[in-house]
Amino acid sequence: MMAQITILEGINRALADAMAADETVLCFGEDVADPEDGGVLGVTKGLSSRFGEHRVRSTPIAEQAIIGAAIGVSLGGFKPVAEIMLMNFTTVAMDMIVNHAAKLRFMSGGQTNVPIVIRTMTGSGFANGGQHSDYLEAWFAHTAGLKVVAPSNPADAYGLLLSAIDDPDPVLFIENLPTYFTKGEAPAAGHRVPIGKASVLAEGADLTIIAYARMVQEAKAATEALAGQGIGVELIDLRSIAPWDRETVLASVARTGRAIIVHEAVTPFGVGAEISAVINESLFGALKAPVKRLGAAFCPVPFSRPLESAFAPTAATIEAAAKALLA
Amino acid sequence: MMAQITILEGINRALADAMAADETVLCFGEDVADPEDGGVLGVTKGLSSRFGEHRVRSTPIAEQAIIGAAIGVSLGGFKPVAEIMLMNFTTVAMDMIVNHAAKLRFMSGGQTNVPIVIRTMTGSGFANGGQHSDYLEAWFAHTAGLKVVAPSNPADAYGLLLSAIDDPDPVLFIENLPTYFTKGEAPAAGHRVPIGKASVLAEGADLTIIAYARMVQEAKAATEALAGQGIGVELIDLRSIAPWDRETVLASVARTGRAIIVHEAVTPFGVGAEISAVINESLFGALKAPVKRLGAAFCPVPFSRPLESAFAPTAATIEAAAKALLA
Amino acid sequence: MTKRPDAATQLAIYRRMALIKANDERSRKVIMTGRLVMPYYSPRGQEVIPSAVSANLDDSDYICTIYRGTHDMLAKGVPLKDLWAELAGRVTGTCKGKGGPMHITHPKSGVMVTTGIVGSSMPIANGLAWSSQLKGDGRVTVAYFGDGASNIGAFHEALNMASVWKLPVVFVCQNNEWGEHTAYRKATAAARIADRAAAYAMPGVRVDGNDVFETYAAAREAVDRARAGGGPTLIEAMTYRFHGHIFGDADAYMDPARKAAAIAADPVPRFRAHLIAEGHASEEELAAMEARIEAEIDEAVEHALASDFPDVAELRRDVFAMEIA
Amino acid sequence: MTKRPDAATQLAIYRRMALIKANDERSRKVIMTGRLVMPYYSPRGQEVIPSAVSANLDDSDYICTIYRGTHDMLAKGVPLKDLWAELAGRVTGTCKGKGGPMHITHPKSGVMVTTGIVGSSMPIANGLAWSSQLKGDGRVTVAYFGDGASNIGAFHEALNMASVWKLPVVFVCQNNEWGEHTAYRKATAAARIADRAAAYAMPGVRVDGNDVFETYAAAREAVDRARAGGGPTLIEAMTYRFHGHIFGDADAYMDPARKAAAIAADPVPRFRAHLIAEGHASEEELAAMEARIEAEIDEAVEHALASDFPDVAELRRDVFAMEIA
Ligand SMILES: Cc1ncc(C[n+]2csc(CCOP(=O)(O)OP(=O)(O)O)c2C)c(N)n1
Ligand SMILES: Cc1ncc(C[n+]2csc(CCOP(=O)(O)OP(=O)(O)O)c2C)c(N)n1
Ligand SMILES: [Mg+2]
Ligand SMILES: [Mg+2]
C-alpha cells in the first residue's frame with residue numbers, strides 16, 4: 001500500500017516543494033507563519049521556519065491589502081500564494097480579485113500578467129453558520145481571467161496546487177474544511193495535476209455523476225450503494241471548475257445518457273447550471289433523462305445541526321436522485 | 001400618444017414619488033444630492049432640494065460604509081435606496097451585500113429584515129473599458145436572500161423601482177448606462193411592476209427570445225428583422241432575474257420549442273445557464289432545438305471601439321443565432 | 001470626569017461581569033463534556049468592557065457585536081435562556097437556531113447584529129445610528145470590535161462616515177492584544193488604536209479596559225456626547241484574552257508569562273474585592289448573587305438542551321419574507 | 001531639507017509640466033472636435049505633483065496610478081505615441097487598445113498599473129514595493145491617488161500593511177479638493193489627509209502641490225527614506241482641479257471664484273516665469289522646448305489616428321496566457 005497522507009498534508013507539501021524548487025514562490029496570509037502557529041489549522045506549519053518570514057509572512061487582517069500585495073509582488077516577478085482564510089472573506093477582496101487580478105493581463109494588452117494563487121477554505125458541516133461556509137466558486141468561474149480548482153483528495157490537492165503555482169494566470173484554489181483530515185494516497189514528489197482535466201473515479205454505463213470537492217466523497221458513497229443495486233455510475237471528479245473538462249464529461253454522458261451534477265453551493269445560478277446547459281447544448285436529443293442538478297438548499301448556511309445536515313447534498317440524496325432519473 | 005419619458009426620468013420619478021409617499025424612504029450615495037448636481041448623470045436631481053439633505057445624502061467614496069449604513073438604517077425602520085455608482089464597485093461592498101444584507105433575516109430567525117434597494121448602473125458601449133462596464137447579476141442571483149431586477153424601459157424602471165422599495169427584502173436594481181436616455185411611455189403615478197413577473201413584448205410561434213436590460217432593445221430589433229423574414233419570435237423581457245418568471249418562460253418555450261437567452265454578461269456561468277438548465281429540465285423531450293445562450297465574449301470589457309462593438313450580443317448576432325436554430 | 005458610578009451601578013456592573021465569567025466557564029465545560037458542539041470564542045478576561053459600557057445604555061440603545069460577543073450580549077441583556085437555546089441550535093433560541101453563536105440577534109435588548117466578519121459591525125452600526133439621528137429618538141449605538149479589526153477597510157470607512165455625519169455611535173475597540181494567532185503589535189502600525197481617531201477628527205481615548213471606573217467614565221462621556229448630538233467617539237479598551245482564539249486552540253503562540261500575569265490580574269475578582277472593601281456589598285451578598293447566576297445558567301442550559309430542534313422546513317423560511325415554495 | 005534641485009533638474013521638471021499641460025489641452029481639443037471618443041479625466045492644474053515626484057525616480061522605479069493619470073504617466077516617461085495610440089484604441093497603443101485611458105500600462109517606464117477603481121492603486125503598489133524589498137533592487141514604488149480615495153478601505157489597509165512591513169513605497173495623495181462632484185470637506189472628516197499618516201506610525205506631510213520646490217523636497221525625502229529601507233511615507237499634495245471631474249461635466253457645483261483663483265495661480269506659467277527670472281532658461285529656450293512638445297504631440301496624435309484598430313480576435317487573447325479557442 002502507498003503511504004497515506006491527509007489533504008492538509010498534501011497542501012503543506014505542495015507549498016514546501018514549490019518553495020524549495022523556486023525561490024520566487026511566496027506564501028502569505030493571516031497567521032500563516034510559525035510564530036502564529038502556521039495557520040489556525042496548521043496548513044502552512046513549518047514553512048516560515050524553513051524558508052524565512054520574508055517569504056512566509058503573516059499579515060494584518062486586511063484581505064484587500066493581501067490580494068493587492070499578491071498582485072503587486074507578482075508584477076514584480078514573484079509567484080505568491082496568498083491565503084484568504086475562508087471563502088466568505090473573499091467578499092472583502094472582490095475588487096482586487098475580479099477588477100484587477102483577473103483583468104490586468106487583458107487590460108495591459110498582455111504586457112503584464114498576474115501569476116498568483118489564492119488559497120481559500122470553506123464548507124458546511126462544522127456548525128460555523130451563515131458567514132463562514134459558503135461555496136462561491138460560480139462567481140469566480142463567471143469571471144474571465146480566473147481559473148478555479150477544488151480538489152477532493154490529497155494527491156489532487158498536491159498536484160493541482162503545484163499546477164496552480166506554475167500557472168501564469170491567477171488561480172483560485174478552494175479547500176474544504178471538513179475534509180482537511182481525509183486521507184488518501186501520497187503523491188510522488190513533483191506530481192502535477194493539469195488544470196482543466198477531470199478524473200474518472202468509477203466507470204459505469206447507466207448514469208454519470210459529476211462532483212467536486214467534498215461532494216465527491218458523498219457521490220462515491222452513493223456510487224457504491226447504487227452499484228450494490230446493479231446501477232452502474234460513471235463518477236467524475238471535476239477537480240477544475242474553470243476551465244472544466246468538457247471532453248471527459250460529454251464523452252461520459254454521451255455513453256450513459258444521464259447526468260447528475262452535485263455541488264455544495266446553492267443550486268440556482270450555480271456551477272451545475274453551466275454544466276447542465278453545456279450538456280444539453282452538446283448532447284441534444286441524445287439524453288435519456290433530463291440533466292439533474294443537486295446543490296444546497298437555497299438559503300444561507302444554517303447553524304442548527306439538523307438544518308445544516310439537510311442543507312447540502314448527501315450520499316442518500318444523490319442515490320435517491322439517481323434512482324429517480326432511472327425510474 | 002402617451003407622454004414619453006426617459007429611463008433616467010422614470011427612475012427619478014419613482015424615487016420622488018416613493019419619498020413623497022413615505023417619509024421613511026431615503027436616498028443616498030456618492031454625489032446624489034443637489035449640491036453635487038444630483039448625481040454625475042443627474043438621476044437623483046431635485047430630490048435633496050425637495051426632501052432635504054437628511055433624506056437625500058451624498059456620501060464619502062466608501063461603498064462598504066454606504067451599504068453598511070443602508071443595512072443599519074433599515075434595521076432602524078427606514079427604507080433606504082442606496083446607490084453604488086457602477087456595478088463594478090459592488091466588488092468593494094460584497095461583504096455587506098452578501099454576508100449581511102442578504103442573510104440577516106435568515107440568520108436572525110426572521111427577527112430582523114433588510115428592506116433596502118441598491119441601485120447600480122453598468123453596461124458596455126461607452127468606451128469605459130474593463131472596470132466600469134461589467135454585468136455581474138449572476139453573482140447576486142446566486143445569493144439566497146437577494147432579489148435582482150433589470151428594467152429595459154421607463155415604465156418598467158419606474159414600476160420595478162417602486163416595487164423594490166416596497167419589498168421587505170434587499171433588491172438589487174440594475175440600471176444601464178447607454179440606455180438612460182432611451183424613451184418610452186410614461187407610467188401612471190404609483191404604477192407597480194411586480195418583482196418576478198416577465199413581460200411578453202412580441203408573440204410568435206417559432207422561437208422564444210428571453211432578454212433583459214439593454215439586450216431587450218437588440219432583441220426587439222432582431223425580432224422585427226426576423227418578422228420580415230416570416231419568422232415569428234416570442235420576445236420576453238425578463239425584467240426580474242431573481243426570482244425570474246419561470247411560468248411565462250416555460251409556457252412560451254413549450255409552445256415554440258426553441259429558446260435563445262440573451263444577456264450582456266459573459267456567457268459561461270451566466271444567467272443564461274440557469275435559464276437554459278431549467279428549460280431543459282422542465283421541457284425535456286419537448287424542444288425542437290438546443291437552447292441557445294448568447295452572452296458577451298469571455299473577456300474583460302475591451303476599450304477599443306471595434307472590440308467593444310464585438311463584445312456583447314447585437315441585433316445581428318441574435319438574428320443569426322435565431323436563424324441557425326431554425327435551420 | 002472620572003466620577004465613579006454610585007454603588008448600585010457598581011453592583012449592576014459587577015453582576016454583569018460575574019454573569020459573563022460564569023457563563024464563559026459553563027460554556028467551555030458544556031463543550032468540553034460534549035453536550036454542545038459549536039465554535040466558541042471565549043470573552044474571558046474582557047468582562048469589564050461591555051459591563052461598564054452597558055451601564056450607560058438602556059434597552060432601547062443598539063449594539064452591533066462580533067463572534068466573540070457573548071459578553072457584549074449578556075451585558076446588554078440578552079436573556080440567558082434564549083441565548084443558550086440559540087447556542088444549542090434549538091427553535092427556542094433567539095434566532096430559532098438558524099444563526100448560532102456568531103449571529104445572535106435580539107432586538108428587544110438592542111442586540112441588532114452579531115457578525116462573523118471582522119470589521120463589519122461598524123458600518124452597520126452607523127446605519128442604526130443614522131436612523132436615530134433621523135428620528136431624533138435619542139438612542140445611541142455601540143459597535144464592538146477587536147484590535148485586529150482596526151486594520152481592515154470597513155473600520156476606516158465607518159469611522160470617517162460617522163464623523164462626517166456626526167452620528168450617535170460609539171466605537172468600542174476591545175484590544176485584547178491578539179487577532180487570532182497574530183499579536184497586535186505584529187499587525188498594527190499604530191502604537192495605540194485610539195490615536196487613529198484623530199484621522200477622523202473624532203475624540204479617541206485609550207482606557208484600561210480591565211478598570212471598571214476608567215472604562216465607565218470613558219463610555220459615559222462618549223454616550224453623553226453621542227446623545228447630545230456631538231457625534232462619534234473611538235474608545236480603545238485595553239484588555240487581554242485569557243484563552244486561545246477559539247475553543248480548542250492550543251494557544252502555543254501566546255507567551256505563557258504574559259498570559260499568567262493577565263490571569264493573575266483577573267478583573268472580576270479584583271472588582272469583587274473592591275466592592276467588599278468599599279462596603280458596597282458583603283461577601284455573602286455577592287456569593288448569593290453568584291449563586292443565583294449559576295442557577296439561572298443551570299436553568300438556561302437545561303432549557304436549551306430540552307428544547308426542540310427546528311424543523312427542516314426552516315430552510316425555506318426567513319430567506320425572504322415569503323416562504324420559498 | 002528644502003534644498004532646491006539644480007537648474008537641469010528644474011528644467012526637466014518644467015519640461016514634464018509643459019508636456020502635461022500641452023497634452024491636456026490637445027486631449028480636450030481632440031475630443032471636442034470629435035476626432036476621439038474616450039472618457040477623459042483632465043489633470044490640468046495638477047502638473048507639478050508628478051513632475052516633481054518623478055524627478056526623484058528613474059525608469060526602473062514603479063508607479064501605480066489612476067484614471068486621472070495622464071500627468072503621472074507622462075511625468076514617468078510613457079512615450080507620447082504609445083499613449084495616444086492607446087487613447088485612440090489602436091493596436092499600436094501601450095495595451096494594444098484593449099485597456100484604454102483608464103488602464104494604461106507601460107512597464108518599460110515603470111507604469112505598472114492604472115486603475116479605474118478608487119483606492120486600488122495603493123494595495124497593489126505595496127506588492128510591487130514588497131518585490132523590491134525581497135530582491136533588494138533598490139526600487140521605489142509610488143502610489144498616486146486622490147483626496148476622495150483617502151476615505152475608502154483600501155487606503156487604510158494598504159497604509160497599515162506598508163508601515164508594518166516597512167515597504168519602499170510612497171503614497172502621494174493629490175488633493176484637488178474634489179472627489180467627482182463632492183467637495184473634499186464634505187466627505188473627509190480629517191482636516192488634513194497628511195494627518196492620517198500618524199494612524200500608521202508613518203511620516204506624513206502636506207505640501208503645496210503647486211509649488212515645485214516643496215513637492216520636490218517632500219518627494220526627495222520620501223524616496224530617499226524608502227530606498228534606504230526606512231519604509232513608507234504619505235505625502236498630501238494640495239492642488240486644484242481646473243476642470244470638471246470628467247470631460248463634458250458642466251461643473252456647476254464648483255465655486256467659480258475659487259476656480260478662477262486657482263486658474264489665475266496656474267503653476268505652469270508661474271514656474272516658467274521663475275525659470276526665466278532665475279536665469280535657468282531664456283524665453284526663447286522655453287518657447288523652443290514647448291514647440292518641440294507641440295510637434296511631438298502632433299506626431300503622436302497623427303500616429304495614433306493613422307494606426308490600425310486591433311483585430312476582433314484580440315477578444316480571445318490576453319484573457320489567459322493561452323489564447324481562448
Ligand atoms: C474579513 C475577515 N477576515 C478574517 C477573518 C477570520 N478571523 C476571525 S476572528 C479574527 C481575528 C480578529 O481579531 P480581533 O479583531 O482582534 O478580535 P478578537 O477575536 O481578538 O476579539 C480573524 C482574522 C474574519 N472573520 N473576517
Ligand atoms: C470604488 C469606486 N467608487 C466610486 C468610483 C467612481 N469615482 C470615480 S472617480 C471618483 C472620485 C475620486 O476622487 P479622488 O480620489 O479625489 O480623485 P480625483 O478624481 O479627484 O483625482 C469616483 C467617486 C470608483 N471609480 N471606484
Ligand atoms: Mg483581538
Ligand atoms: Mg480629488
Side-chain angles (χ1 to χ4, degrees), chain A residues 29-42 44-45 53 57-66 68 85-86 88-93 95-96 124-134 177 266-268 296-312, chain C residues 36-39 67 86-91 93 95-103 115-120 146-155 178-183 186-189 244-246 249-254 308-320 324:
Chain A
E30 292 155 17
D31 302 320
V32 300
D34 286 333
E36 290 74 42
D37 254 12
V40 286
L41 291 157
T44 50
K45 215 186 235 350
E53 278 197 67
R57 208 157 188 175
S58 292
T59 65
I61 307 169
E63 283 79 6
Q64 295 189 66
I66 292 171
M85 192 176 293
L86 284 174
N88 278 93
F89 312 155
T90 60
T91 51
V92 291
D95 166 54
M96 283 293 146
S124 64
F126 260 52
N128 273 330
Q131 293 179 331
H132 281 58
S133 319
D134 282 338
L177 172 56
V266 299
T267 307
F298 194 52
C299 61
V301 181
F303 167 70
S304 183
R305 188 159 24 86
L307 301 189
E308 196 185 22
S309 303
F311 173 72
Chain C
L36 263 192
V37 176
M38 61 165 176
Y67 51 90
E86 188 62 28
L87 302 182
R90 308 305 163 114
V91 71
C95 311
K96 295 194 247 171
K98 297 165 88 166
M102 287 199 253
H103 306 301
T115 182
I117 308 293
V118 166
S120 296
D147 48 295
S150 76
N151 295 322
I152 203 163
F155 165 90
W178 292 99
E180 292 204 338
H181 299 191
T182 300
K186 194 164 176 177
T188 314
H245 169 61
I246 188 171
D249 167 353
D251 72 22
Y253 51 90
M254 291 171 86
D308 288 334
F309 283 106
D311 192 276
V312 291
E314 285 295 337
L315 293 175
R316 299 193 303 271
R317 295 187 193 129
D318 306 322
V319 180
F320 297 105
I324 292 177

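So that the names make sense, note that chain A is the first sequence line, chain B the second, and so on, each numbered from 1. Every value quoted in this text rests on a predicted model; they were computed, and no experiment measured them.
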- Measure C:L87 against the heavy atoms of chain A and call it side chain, backbone, both or neither at under 4.5 Å. backbone

- Query: With A:T90, which residues qualify under side chain to side chain donor-acceptor pair (under 3.5 Å), at least two apart?
  - Reply: none

- Task: Go through the side-chain N and O atoms of A:S58 and A:D31 and say whether any donor and acceptor fall under 3.5 Å apart.
- Result: no

- Note on the structure: The interface call for C:S120 against chain A, heavy-atom contacts under 4.5 Å, is neither

- Interface residue of largest heavy-atom contact number with chain A, from C:I152, C:D249, C:L315, under 4.5 Å: C:L315

- Ranked by heavy-atom pairs below 4.5 Å to chain A, first place among C:G179, C:G99, C:C95 goes to C:G99

- Just say parallel, tilted or perpendicular for the rings of C:H181 and C:Y253, cut-offs at 30° and 60°. parallel

- Message: Just so I understand: if I count every heavy-atom pair under 4.5 Å between each of A:P302, A:A297, A:S309, A:P60 and chain C, which residue has the most?
- Response: A:P60

- Query: Can you find a pair of side-chain heavy atoms, one from C:F309 and one from C:R90, that are under 4.5 Å apart?
  - Reply: yes

- chain C contact via A:A310 - side chain, backbone, both or neither, heavy atoms under 4.5 Å: both

- Query: In terms of heavy-atom pairs under 4.5 Å with chain C, which of A:P306, A:A62, A:A127 leads?
  - Reply: A:P306

- Message: Just so I understand: if I count every heavy-atom pair under 4.5 Å between each of C:A313, C:P310, C:S150 and chain A, which residue has the most?
- Response: C:P310

- Looking only at C:M38, C:K186, C:E86, most heavy-atom pairs under 4.5 Å shared with chain A are made by C:K186

- For A:T44, all residues meeting side chain to side chain donor-acceptor pair (under 3.5 Å), sequence neighbours excluded: none

- Item | Leading residue by heavy atom contact count with chain A [cutoff under 4.5 Å; candidates C:T182, C:I246, C:V37] | C:T182

- Neighbour count above 12 (heavy atom, 6.0 Å) for A:R305 CZ: no

